[in-house]
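Read through the structure below, which is laid out as structure tokens, and then see the notes.
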Amino acid sequence: MPYLIAGIYSGISLISFLVYGWDKRLAVQHGEDVIRVPERTLHLLGVFGGWPGSLIAQQWFRHKSKKRSFIAELWLTIIVNCSALFSLYYLQLI
């Protein structure tokens with residue numbers, strides 16, 4: 001079971017990393033003239049286990065790294081995800 005969870009986190013983190021990169025590319029190339037990835041989508045990826053990829057991408061691409069409200073919400077998603085994972089482990093459901 002731990003390998004499955006690690007695999008899921010790795011997969012979603014990779015997807016999250018790629019989505020951040022894609023959104024940064026859209027922002028640099030087109031600015032406000034194109035529909036970009038909604039912040040809600042980025043946060044949902046974090047809640048579902050992609051937060052390690054989100055943190056790495058945020059630093060790697062320097063994307064959304066100065067927007068304080070986004071950073072606060074990202075850390076909230078990390079806390080929610082880790083709390084849920086810990087709860088499932090504590091209740092011996094995983």
Let me confirm one number: the CZ-CZ distance from Arg25 to Phe61, rounded to the nearest 0.5 Å. 11.0 Å
Heavy atoms of Gly53 and Ser16 approach each other most closely as C-OG, 4.2 Å
Answer with yes or no whether the hydrophobic clustering places Ile15 together with Trp22; edges join I, L, V, M, F, W, Y residues whose side-chain heavy atoms lie under 4.5 Å apart. yes
Spacing of Leu26 atom CG and Ile35 atom CD1 [to the nearest 0.5 Å]: 10.5 Å
Decide yes or no for Trp51 and Val80: does some side-chain heavy atom of the first lie under 4.5 Å from some side-chain heavy atom of the second? no
Is there a continuous path of hydrophobic side-chain contacts, each under 4.5 Å between heavy atoms, that joins Val34 to Val28? no
Atom of Pro52, atom of Ser13 and distance for their closest heavy-atom approach: CD-OG, 3.4 Å
To check you understand the geometry: which heavy-atom pair defines the closest contact between Ser54 and Tyr20, and what is its length? OG-CE1, 3.4 Å
Is there a path of hydrophobic side-chain contacts, each under 4.5 Å between heavy atoms of I, L, V, M, F, W or Y residues, that connects Trp75 with Ile12? yes
Just to verify, which of Glu73, Gln58, Glu39 counts as forming a side-chain contact (heavy atoms from CB on, under 4.5 Å) with Lys67? Glu39
Side chain to side chain donor-acceptor pair (under 3.5 Å): pairs with one or both residues in residues 83-94, sequence neighbours excluded: none
What is the distance from atom NZ of Lys64 to atom NZ of Lys24, rounded to the nearest 0.5 Å? 10.0 Å
Derivation of the side-chain contact (heavy atoms from CB on, under 4.5 Å) call for Leu14 and Leu18: CA-CA 6 Å; Leu14 177 62; Leu18 294 172; 4.2 Å; yes
Is the closest side-chain heavy-atom distance between Ile5 and Leu85 below 4.5 Å? yes
How far does CG of Leu91 sit from CZ of Phe86, to the nearest 0.5 angstrom? 9.0 Å
Between Val37 and Leu42, the two heavy atoms sitting closest are CG1-CD2, 3.9 Å
How many angstroms lie between CD1 in Ile78 and CG in Leu55, if you round to the nearest 0.5 Å? 4.0 Å
Testing the basics here: between Tyr9 and Gly49, what is the closest heavy-atom pair and its distance to 0.1 Å? CD2-O, 3.4 Å
Calculate, to the nearest 0.5 Å, the distance between atoms CG and CG belonging to Leu45 and Leu74 respectively. 11.0 Å
